[in-house]
Amino acid sequence: MNERQCTCCFTGHRPERLPWGRREGDPRCAALKRKLYAAVNAAYESGMRYFICGMARGSDFYFAEAVLALQEKYPDVQLEAAVPYPGQASRWSEEDQARWRRLLAACSRQTMVQRHYSRLCMIRRNQYMVDRSALVIAVYDGQEGGGTRNTLEYAIRQKVPFVDIDPHEAEEL
């Protein structure tokens, strides 16, 4: 099996697009995190061992934390941080920057997709992840526009299957 066949990447919404925003104590957020962990675990059970995260705030953080929790159970799990450019977290709150640094340090590998910011750097990061993956896990609400939708459309064009977790369905739990 080649590396791509056992690699899964993630795309998902920032806090501003999630029904509960930044309130991670909201029961809907906890429900989404459980669903995300279950999706990561299912990916592992299907043969995925390598996971790639774009390291954005919100859903990406939840994904990285789910993979790291799985890694405690299965030491063969690896997490790669696909950082779009060096200053990705520079304009975030101190709390988000500290979380980003902690997650980045826990990754098995860090890839800097480009050296400087450009308006295309997030797209390049997303394509980098999809191009190396056999599966995409997404937290996506089905709405028009945004990087998550663009990444899923790219995955479809590249014939990479995806698992979609609708954050609004977490409201029903």
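If you read the sequence from its start, that first residue is 1, and numbering goes on from there.
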[Y] side chain reached by [X] side chain, heavy atoms, under 4.5 Å:
X    : Y    : answer
M112 : P86  : yes
L103 : R99  : yes
P167 : H13  : yes
I165 : L36  : yes
V67  : F10  : no
S118 : R124 : yes

[atom1]/[X] to [atom2]/[Y] distance, rounded to the nearest 0.5 angstrom?
X    : Y    : atom1 : atom2 : result
L104 : Q88  : CG    : CD    : 8.5 Å
L79  : C107 : CG    : SG    : 4.0 Å
C9   : L135 : SG    : CG    : 8.0 Å
M129 : T111 : CE    : OG1   : 11.0 Å
R132 : C8   : CZ    : SG    : 15.0 Å

> Which pairs, with at least one residue in residues 135-148 and sequence neighbours excluded, count as a salt bridge (Lys or Arg N to Asp or Glu O under 4.0 Å)?
Replying inline: R17-D141, E144-R149
>> Test: salt bridge (Lys or Arg N to Asp or Glu O under 4.0 Å). Region: residues 100-123. Which pairs qualify, not counting sequence neighbours?
In response: E65-R102, E94-R101
Check which hydrophobic residues are tied to [X] through side-chain heavy-atom contacts below 4.5 Å, counting indirect links as well, and list them.
X    : answer
L120 : I123
L152 : V130, V136, Y140, Y154, I156, V160, F162
M122 : Y85, Y117

Atom pairs and distances, donor-acceptor, side-chain atoms in residues 42-56, under 3.5 Å, two or more places apart:
unit_1	atom_1	unit_2	atom_2	d
Y44	OH	D76	OD1	2.9
Y44	OH	D76	OD2	3.2
E45	OE2	N41	ND2	3.0
S46	OG	A43	O	2.8
R49	NE	D76	OD2	2.9
R49	NH1	Y44	O	2.6
Y50	OH	E80	OE1	3.0

Which residues share a side chain to side chain donor-acceptor pair (under 3.5 Å) with [X], sequence neighbours left out:
X    : result
T151 : N126
Q110 : none
Q143 : none

> In chain order, what residues pass the salt bridge (charged side-chain N to carboxylate O under 4.0 Å, His left out) check against D26, with sequence neighbours excluded?
Replying inline: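 Listed in chain order: R28.
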> Shortest non-hydrogen contact from A82 to R125?
Replying inline: O-CG, 3.3 Å
>> For P19 versus R23, what's the shortest heavy-atom pair and its separation?
In response: O-NH2, 4.0 Å
>> Going by ring pair (Phe, Tyr, Trp, His ring centres under 6.0 Å), name the pairs with one or both residues in residues 118-139, residues two or more places apart or in two chains.
In response: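 Every candidate ring pair (Phe, Tyr, Trp, His ring centres under 6.0 Å) pair involving residues 118-139 fails, so no pair, neighbours aside, qualifies.
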Look at the side chain of [X] and the backbone N and O of [Y], then say whether any donor-acceptor pair between them is shorter than 3.5 Å.
X    : Y    : result
Q5   : N2   : yes
N150 : G146 : yes
R22  : P15  : no

> Would E169 and K35 count as a salt bridge (charged side-chain N to carboxylate O under 4.0 Å, His left out) if you check the C-alpha gap in whole Å, the side-chain angles of each, and the deciding distance to 0.1 Å?
Replying inline: CA-CA 10 Å; E169 289 180 9; K35 283 184 163 188; 3.7 Å; yes
> Should W100 and V83 be marked as a side chain to side chain contact (heavy atoms under 4.5 Å, CB included) after you check the CA-CA gap, both sets of side-chain angles, and the distance that decides it?
Replying inline: CA-CA 11 Å; W100 181 81; V83 179; 4.1 Å; yes
> Which residue pairs pass the side chain to side chain donor-acceptor pair (under 3.5 Å) test when at least one of the two sits in residues 54-63, sequence neighbours left out?
Replying inline: E16-R57
> Can a donor-acceptor pair be found between the side chains of S93 and Q97 at a distance below 3.5 Å?
Replying inline: no
